[in-house]
Structures are given as C-alpha cells and as structure tokens.
Amino acid sequence: MSVYWSLASLYVRSFYNLPGKKTAGNNPAGKSILKVAGFGALMVFSVAYFGYLFVGLNLNLYEGLALAGMQDILFLNAAVMATAMTLVVGFMTALSTYYLNDMELQLLAMPIRPRAMFGAKFTAVYVSEAAFSLFFMIATMVVFGIKEGPGPVFYLWGAIAGLLLPLPPLAASYLVQIPLLSSARFLRNKKTIMLVGGFLGIAFALAVNVYFQRMMPPVADPAARASAVAGPGSAVSLFGGAYPPAFLAWRAMSEPTAPGASFAMLRLIAWCALGPALVIFFLSGAYARSLVGFNEAHLRKLSATGADAFIVRRIRAGAPYLTMVKREFGMMNREPMYLLNGPFIVVLLPLIAGVMAVAREDSILSDPDLAGVRALIDGGLGAALAGLVGAFLGSGTSIACTALSRDAKALPFIKSLPVRPAAYMLAKLGHALVFGVAGSAIGVGLLALVLRLDPASALSGLAAALALSSLLNLAGLWLDTANPRLSWDNPIAAMKQNPNSVIAMLGSMGLLVGSGYLAFRFEMGTGAVAFWFGAAPFAAFCALLSAYPRYAERRLAAMEA
Amino acid sequence: MIELKGVSKTYARSAVKAVDGLSLSIGDGEIFGFLGPNGAGKTTTIKMITGVLRPDSGNVSVDGIDVAADPIEAKRRIGYVTDNPELFARLKAAEYLNFVGDVYGVDTRTRQARVSEYASLFGIKDALGGSIGSFSHGMKQKLLVTASLLPDPQNWVLDEPMVGLDPKASFDLKEIMRARAAAGRTVFFSTHVMEVAERLCDRLAIVNKGRIVFMGTLAELKRGQGADGSLESLFLELVDGEAANEASPKAVV
Ligand SMILES: Nc1ncnc2c1ncn2[C@@H]1O[C@H](COP(=O)(O)OP(=O)(O)OP(=O)(O)O)[C@@H](O)[C@H]1O
Ligand SMILES: [Mg+2]
C-alpha cells in the first residue's frame with residue numbers, strides 16, 4: 001500500500017507539476033510571495049469565470065424547468081453532464097498521460113506490482129476529473145440551493161456524487177485504451193497519442209462552445225428550450241434514466257432526506273467502485289506491458305553512397321539568424337504539445353469563431369446591412385474590429401511569451417555559442433512575428449469578408465492588427481525574458497502551465513477589449529483607427545525593440561542556466 | 001590557451017562556493033585533464049570558460065581574450081562538448097550540424113569535409129538524416145563531438161567526453177585529442193576516471209569542493225605519494241585528505 005501511495009504522490013506531482021519538498025532558504029521571500037499572489041489571483045479569476053458560466057447555465061435551465069415544475073431534473077442533467085465531461089476530458093487526460101516519460105520504464109524495472117503502478121496513475125488522473133465533476137455539481141447545487149433551500153444532507157449527497165461520478169467514465173477510458181494500445185503497436189508513440197488527444201480536445205472545446213452559445217442567450221420561450229435540452233424526453237434524460245449512477249445520484253439528491261436516499265447513495269458507491277476495481281484488477285498487467293515500446297523511435301539509416309550524397313545535399317551553410325529562426329520553428333512544431341497550443345491556434349480560433357457564429361444566428365455580425373450597423377462599420381468600427389481580431393489571433397499563439405521557457409534545456413549550450421544573446425532572442429521574436437503576420441492576415445481577412453469591409457477599412461484594420469500583434473508579441477517575449485520558467489521536466493509545464501502565457505493572454509485581451517471600447521466610445525474613423533491602433537502601437541513596438549536587446553543581454557548573462 | 005585567475009562562483013540558490021578562487025593556465029599544444037569527484041565544480045568551471053556562467057569574481061581569458069569583455073570573440077575560439085547530449089532531441093542530426101556550423105560561420109565546403117571525416121570516423125554517417133531523439137546515448141555524444149569540431153577551434157573544451165562511448169570511439173576521441181595537441185591546439189577535458197587522464201594528459205589538476213588540490217604533470221603526481229603506488233589511491237588520498245581536514249575541527253568539538 002505504501003508503494004501505491006508514494007507512486008500516486010509522485011504521479012500527482014509530475015502531472016500537475018507541483019514542486020517537491022522545498023529546501024530551506026530557497027527563494028528570496030518577497031519574490032515568492034509575489035508569485036504565489038499572482039498565481040492565486042489567476043486561479044481565482046479562472047475559477048470565477050467558469051463558475052459564472054456554469055452557474056449561469058444552470059440558472060437558465062432551472063428557470064426553464066421550474067416553469068413546468070420539473071426543477072429536480074436539474075440533478076439528472078448535472079449528473080449526466082458530469083459523466084459526459086469527465087468521459088471526454090478523462091479519456092484525453094488518460095491518453096496523454098498513458099506513457100508519461102521514460103521515468104515509467106525505470107519504474108517497470110523496480111519491484112513494483114503493476115496494480116500499484118496502474119492504480120497510482122489512475123488515481124492521479126482521477127484527481128483532476130474529480131475536481132472537474134465536483135465543480136459542475138457545485139454549480140448546480142448553488143443554483144438549486146439558493147432557489148429552493150434544501151437541507152444540508154442535499155449538499156453532502158451532491159458532493160459525494162460529484163466525487164464518484166468520474167470513476168466509471170475513467171475506467172471506461174482505460175478499458176478502451178489498454179487493449180487498443182496493447183494490440184496496436186503503431187499507436188504506441190507519444191506523438192501520435194498526443195495528436196489524437198489534442199484533436200479530441202479541440203472537438204470537445206467546439207462542442208462545449210456550441211452548447212453554451214445555445215444555452216446562454218435569453219430566448220422567447222425558456223421552458224421549451226430547457227425541456228428540449230434536459231426535459232424528460234431529452235436525450236440527456238433518457239440516457240440518465242438508463243445509466244444507473246446518474247439515475248441514483250438524481251434519486252438521492254431530489255429527495256435527500258427520504259429513506260431511499262441513503263440506499264441510493266450506497267448503490268451509487270457500489271456502482272462507481274466497480275469499474276475501477278475491475279480495470280485495475282484485470283488490466284494492470286496488460287497496462288504495464290503496453291508501456292514497453294513507447295520510447296522507441298524509428299531511425300532512418302542511409303547507405304554508404306546515400307550518406308555522401310546526403311552530406312552534399314543537406315550539409316550547407318546558411319545565415320546565422322535564419323538558422324536560429326528555423327531552429328525555433330523545428331523545436332516548436334515537432335512537439336505536439338507546443339504545436340497544438342501554439343501555432344495551431346491561428347487556425348483553431350477562426351474555426352471556433354465560425355462554429356459559434358453559426359450556432360448563434362441572431363448575431364449582429366450576421367447581418368451587416370442592418371440599419372445603423374452598416375454606418376457604424378463603415379465609419380471606422382469595422383476597421384477597429386478587424387484590427388483587434390487580427391491582433392488577437394496574431395498574438396494568441398503564446399510563441400513569444402514562452403519562448404525562453406521552452407528552450408530552458410538548451411540554454412547552457414546556446415550561451416556557449418558565439419552569438420549575441422540578443423540575436424538569439426530576436427530569432428525568437430522573428431518566429432513569433434511570422435505567426436503574428438499570419439494571424440493578422442487571417443483575422444482581418446475573415447472579418448473583412450464577414451463585415452464586407454471596404455478596402456480602406458480592411459487596410460486600416462490590417463495595419464492595426466500588425467502593429468498591435470507585434471507589440472503584444474514583443475511584450476510577451478519581454479515577460480518571458482524577465483521571468484522564464486527554466487526548470488521543468490514535462491513540456492506542458494513550459495507552455496500550458498506557464499504563468500507567462502496566461503498573463504500574456506489576459507493582458508492582450510484587456511488591451512484589445514479596452515481599445516475596442518475606445519474605438520466605439522470616441523467613434524473613431526478609419527483614419528483614426530489606423531493612427532491610434534496602427535501607428536501608435538508601432539511606435540511603442542519600435543521603442544521597446546530598441547531597448548530590448550540590451551535588456552536581453554543583461555538577463556541572459558545573469559541566468560545560471 | 002585558456003587562463004583562469006582567482007575564479008569563484010556561488011550559485012544563487014546555494015550557500016556554498018561551487019568554485020572557489022580557482023586559477024589555471026593551459027598553454028597551446030597541451031592536453032589538460034580536469035579531475036575531481038562528483039560535485040567538485042568541474043562543470044561549473046567549464047561553464048565559466050565557455051561563457052555560459054558569469055564568475056562572481058576573478059577573470060577568464062581564452063587566447064588572451066577576456067571572456068567577460070568580449071564574449072563573442074572568445075567563444076569563437078572554443079569548441080564545447082557539453083556533459084548533456086540530450087539537448088536537441090527534436091532536431092535531425094544534419095539540422096543540428098548545420099545550426100552549429102552556421103553559428104560559427106563555417107563555409108559549406110569545409111563543413112561537408114569535416115562532417116564526412118568525423119561522422120565516418122565515429123560510424124554515425126548513416127544516421128545523419130535521422131532525428132537526434134532516436135540516437136543512442138553514445139551516438140548523441142559522437143554527434144556533439146563532431147559538431148564541436150566543425151569550426152576547427154583553437155581550444156577544445158570537453159565535459160566528461162568519454163561517458164557513454166564504446167572502446168573504439170573512446171580510442172578515436174583520444175587520438176583526435178592527441179592530434180590536435182600535436183598541431184598546437186589546446187585540449188581541456190574533465191573526467192573522474194583516473195586511467196583516462198593517466199594515458200592522455202600532459203598536465204592535470206585535481207579539484208575538490210571548488211578548490212585545486214593538485215596541479216602538475218603525471219610524474220609530479222606520482223612522486224607525491226600513494227599507498228600502493230596506484231593513481232587511484234593517490235586520487236582518493238588527495239580528495240579524502242581534504243575531507244579529513246574539513247572534518248577534524250568538528251571532531252574536536
Ligand atoms: N544549477 C545549479 N544550481 C545550484 N547549484 C548547482 C547548480 N549546478 C551545480 N551546482 C552545485 O555546484 C557544485 C559543483 O557542481 P558541478 O556540476 O560543477 O560539479 P562536477 O564536478 O561537474 O560534478 P560531476 O562529476 O557530478 O559532473 C555542486 O555542489 C552542485 O550541487
Ligand atoms: Mg559535471
């Protein structure tokens with residue numbers, strides 16, 4: 001058992017990149033307090049944001065269902081949603097952590113029972129799923145609690161159900177994955193499964209978006225909408241009625257103090273424990289065996305004459321700056337984690353926006369010829385919108401604001417090379433700006449099409465997008481130069497869990513939304529947009545750029561990498 | 001030529017000096033071995049020579065060029081083999097070689113000739129098109145060595161170069177070191193294997209806890225002492241003697 005616990009805590013730490021035990025006198029106290037405070041603020045912000053979304057969603061549902069006196073279906077809906085969400089997210093997490101890294105091969109060589117190892121991994125994945133499901137149940141309980149004032153037992157059942165519901169979906173995920181990865185050798189490749197997981201994630205994000213778009217706006221007949229989505233005849237309810245855990249959770253929560261409620265909870269516990277127990281009991285061995293082969297890579301060998309020809313063809317001199325930029329591309333695009341969360345955003349966001357626009361038919365943008373709207377758009381608002389959207393897309397790739405963090409491992413070698421640190425960092429900026437230009441062009445182009453902008457507005461928008469995105473990218477790079485995340489053992493930590501990328505994202509959103517508001521408030525014309533959002537940020541970019549190299553040199557020299 | 005004068009370094013996150021007032025001078029045509037137990041400060045010293053770390057105090061110069069004052073010019077004269085070959089797993093071998101070649105400004109023709117020469121010597125020519133991530137540890141090490149020789153540097157600095165090499169590759173590497181020294185180049189390498197140093201070095205230094213405990217030729221070292229006359233016991237005595245000196249005051253209290 002103690003082997004299991006220490007493995008589980010090892011997995012949890014490396015999944016969520018928690019630091020190990022701190023050694024005394026590690027950090028200057030002031031800085032670490034700042035870091036904790038900043039990170040805490042970010043956490044509070046995102047929890048509050050998603051809480052707001054989920055509570056809003058449940059509120060809409062409640063109000064619709066209450067009109068027909070069916071408000072307790074809310075729990076069935078919540079249980080099914082928690083199950084569905086943890087099925088998708090759990091499947092993705094299980095897949096992307098199926099083979100964590102070579103550390104696991106070392107674990108295999110130790111006298112550890114496969115059941116302890118797989119059980120520990122199951123637990124580590126479960127932790128995030130439980131948090132997710134609990135979050136969903138709490139959002140439901142908050143709405144129902146305020147509206148109906150049920151007793152404390154209700155909350156107890158809800159919390160227990162929230163913790164239990166992710167178990168069967170997670171067991172089901174492994175039930176699919178273990179046989180699949182055991183039999184299909186070609187899938188046993190970190191890259192492949194990260195890509196599959198990434199695409200699943202994108203599809204899921206799209207679906208959630210569509211769902212929220214449909215549920216949130218006020219409609220003429222909320223009761224009809226609510227009953228279509230969650231009423232007794234809906235797919236959700238039909239599934240919930242047939243799926244015992246959801247059904248049992250609903251039973252217990254809708255009559256929390258009835259004698260049947262505790263019995264329903266007991267049955268729920270039995271149901272939810274069954275799946276994990278079976279999977280861990282029967283599939284642990286297969287799981288451990290399927291880990292072997294994950295670190296294999298295919299090495300293409302050249303023939304003797306082929307090698308000579310290869311050298312003549314491929315070993316060639318190039319300009320140092322371009323070589324460094326090329327290296328940035330290679331290092332980023334070949335790591336699926338980086339690709340999906342970075343450059344791919346330029347394609348992904350327009351896709352999401354497109355789906356959202358289709359889902360939300362009543363949008364202003366869908367009919368730019370509406371009286372009054374056309375005049376506003378042509379008066380400069382169209383240019384401003386195009387510019388801001390383009391700038392968002394051009395700076396949303398997180399390339400610049402994680403540039404140094406991603407390269408932490410190579411830093412000592414890079415610093416030994418005869419290149420100025422500034423040139424090396426400017427290569428990173430070049431990499432980000434290439435995507436800045438692409439994002440700006442795509443964003444402005446799409447908006448020009450949708451809003452049918454005239455050429456002057458489109459050009460003015462493009463100028464704004466290029467200038468703003470360049471400025472934001474440089475600011476992001478500056479941020480990562482000032483405070484890079486240099487010690488990590490999982491690329492997720494350098495990119496997704498990097499506070500810099502969150503700060504940069506929030507900062508750029510703030511700046512862009514603020515700019516949009518100003519454009520609207522002061523009724524800026526096309527020329528004013530080009531000046532204030534194009535020329536002015538460009539001047540700021542140039543000013544920053546002229547100061548940046550010296551700063552970068554100083555920072556890199558001081559770094560103990 | 002590599003010169004260190006009173007170089008010290010304490011890492012920001014640590015209280016002890018990793019390198020403590022270290023002075024060295026390695027001339028052209030010399031093979032210099034840098035020995036010491038784990039954590040003695042070898043890698044830290046090498047990182048200061050190659051300009052990766054800035055010394056807290058003291059001064060490093062390469063071919064008479066101050067590394068702090070003119071880092072680019074100094075680094076141009078160094079070929080560096082790091083102790084960690086796991087750096088660029090995502091790049092292909094050829095891409096990595098081109099990267100190093102471009103950064104050092106090696107022209108196409110010279111580059112092709114050197115890649116061809118060293119890659120065939122080390123037997124990794126057939127793998128040049130492959131991704132570094134698919135290389136074995138020794139193959140990665142060989143690739144790093146090949147890359148470090150592309151600019152034909154005046155000073156060759158290697159951190160634990162023998163680790164992971166098979167006997168043939170290790171022999172070849174030593175031959176290259178000898179050939180370079182014979183041609184008037186400077187070779188500086190770290191190791192904790194006494195035998196390697198014994199067969200190769202003109203001079204050597206033994207460091208412990210960031211300080212030099214011995215510096216001189218092999219003959220001078222042997223004249224010193226050694227219970228059974230073996231170099232290994234000499235090494236252990238030097239390193240342990242230091243530890244015993246540190247421990248004794250505590251023992252009195
Ligand atoms: N990045 C770092 N941060 C803090 N301390 C470090 C760092 N790198 C090394 N040290 C400390 O500096 C001292 C010297 O380490 P160094 O790596 O130079 O030793 P070494 O002689 O190369 O050892 P080895 O033979 O194991 O490679 C050690 O006490 C080590 O703990
Ligand atoms: Mg070392």
Side-chain angles (χ1 to χ4, degrees), chain A residues 23-28 190-191 295-304 306-308 310-324 326-327 330-335 338 407 409-421 423-424 487 491 553 556-561, chain B residues 9 11-13 15 46-47 49-54 68 71-78 80 82 84 86-92 94-113 115-116 119-120 125-131 133-135 139 144 151 157:
Chain A
T23 43
N26 215 343
N27 246 349
K190 189 89 180 144
K191 228 180 196 164
N295 66 341
E296 283 170 19
H298 177 69
L299 176 56
R300 194 166 53 92
K301 293 260 182 181
L302 302 162
S303 66
D308 288 324
F310 180 86
I311 289 176
V312 171
R313 211 160 14 103
R314 288 296 174 76
I315 302 290
R316 295 195 159 271
Y321 180 75
L322 288 181
T323 304
M324 287 192 282
K326 232 168 72 190
R327 173 178 167 274
M331 301 284 276
M332 183 135 203
N333 294 349
R334 290 175 199 170
E335 171 65 56
Y338 294 161
D407 225 1
K409 301 262 186 271
L411 208 52
F413 180 68
I414 298 283
K415 282 174 75 180
S416 79
L417 297 174
V419 283
R420 304 191 66 84
Y424 160 69
S487 63
E553 300 263 340
L556 261 84
M559 264 169 216
E560 290 186 340
Chain B
K9 171 77 196 172
Y11 284 100
R13 282 162 189 254
I46 287 177
K47 281 183 172 171
I49 295 174
T50 52
V52 177
L53 284 179
R54 211 166 39 181
I72 303 296
E73 210 30 62
K75 289 174 190 178
R76 255 185 223 300
R77 293 158 186 275
I78 301 176
Y80 173 37
T82 70
N84 174 15
E86 314 289 332
L87 290 179
F88 296 106
R90 296 269 169 218
L91 293 188
K92 301 211 163 87
E95 290 172 337
Y96 174 70
L97 291 169
N98 277 331
F99 176 72
V100 174
D102 288 345
V103 161
Y104 279 89
V106 183
D107 65 69
T108 300
R109 195 189 269 215
T110 320
R111 189 183 301 195
Q112 291 178 347
V115 168
S116 194
S120 13
K125 208 167 161 186
D126 57 351
L128 286 178
S131 156
S134 64
F135 280 23
M139 289 164 77
L144 290 200
V157 178

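Just so it is clear, the values below take in all heavy atoms, side chains as well, and ignore hydrogens, waters and symmetry mates. Here is how names work: the chains are called A, B, and so on, in the same order as the sequence lines, proteins then strands, and each is numbered from 1.
Most heavy-atom pairs under 4.5 Å with chain B, from the set A/Leu411, A/Val312, A/Leu322, A/Leu556: that is A/Val312. Note on A/Gly330, A/Ala307, A/Gly306: by heavy-atom pairs under 4.5 Å with chain B, the leading option is A/Ala307. Ranked by heavy-atom pairs under 4.5 Å with chain B, the first of A/Pro320, A/Pro412, A/Ala319, A/Gly318 is A/Gly318. For chain A, the option among B/Arg111, B/Arg54, B/Glu73 with the highest count of heavy-atom pairs below 4.5 Å is B/Arg111.
Using a 4.5 Å cut-off between heavy atoms, B/Ser116 contacts chain A through both its backbone and its side chain. In this structure, chain A has a heavy atom under 4.5 Å from the side chain of B/Glu95, while its backbone stays farther away. Both the backbone and the side chain of B/Lys92 come within contact range of chain A, each with at least one heavy atom under 4.5 Å from a heavy atom of that chain. The contact between B/Lys47 and chain A is made entirely by side chain atoms (from C-beta outward), counting heavy-atom distances below 4.5 Å. With a 4.5 Å cut-off on non-hydrogen atoms, B/Val157 does not touch chain A at all. Only the backbone of A/Met559 comes within contact range of chain B, judged by heavy atoms closer than 4.5 Å. A/Ala423 does not touch chain B: none of its heavy atoms, backbone or side chain, sits under 4.5 Å away. For chain A, the nearby part of B/Asp107 is the backbone; its heavy atoms alone come within less than 4.5 Å.
Using bins of under 30°, 30° to 60° and over 60° for the plane-to-plane angle, the ring pair A/Phe413/B/Phe88 lands in the perpendicular bin.
With A/Arg314 contributing its side chain and B/Ala94 its backbone, the two residues share no donor-acceptor pair below 3.5 Å.
Considering only heavy atoms from C-beta on, B/Thr108 stays 4.5 Å or farther from A/Ile315 through its side chain. Under the 4.5 Å side-chain criterion, counting only non-hydrogen atoms from C-beta, B/Leu128 is in contact with A/Ile311.
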Stepwise, does the side chain to side chain contact (heavy atoms under 4.5 Å, CB included) test hold for A/Leu417 with B/Lys75? CA-CA 6 Å; A/Leu417 297 174; B/Lys75 289 174 190 178; 5.9 Å; no
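Counting non-hydrogen atoms of neighbouring residues, nucleotides and ligands closer than 6.0 angstrom, the CZ atom of A/Arg313 exceeds 12 such neighbours. The number of heavy atoms from other shown groups lying within 6.0 Å of NZ (A/Lys326) does not exceed 12.
Of the options B/Leu91, B/Val103, B/Asp102, a side chain to side chain contact (heavy atoms under 4.5 Å, CB included) to A/Arg327 is made by B/Leu91 and by none of the others.
Under the side chain to side chain donor-acceptor pair (under 3.5 Å) criterion, the residue pairs touching residues 409-420 of chain A are A/Arg420-A/Glu553, with sequence neighbours excluded.
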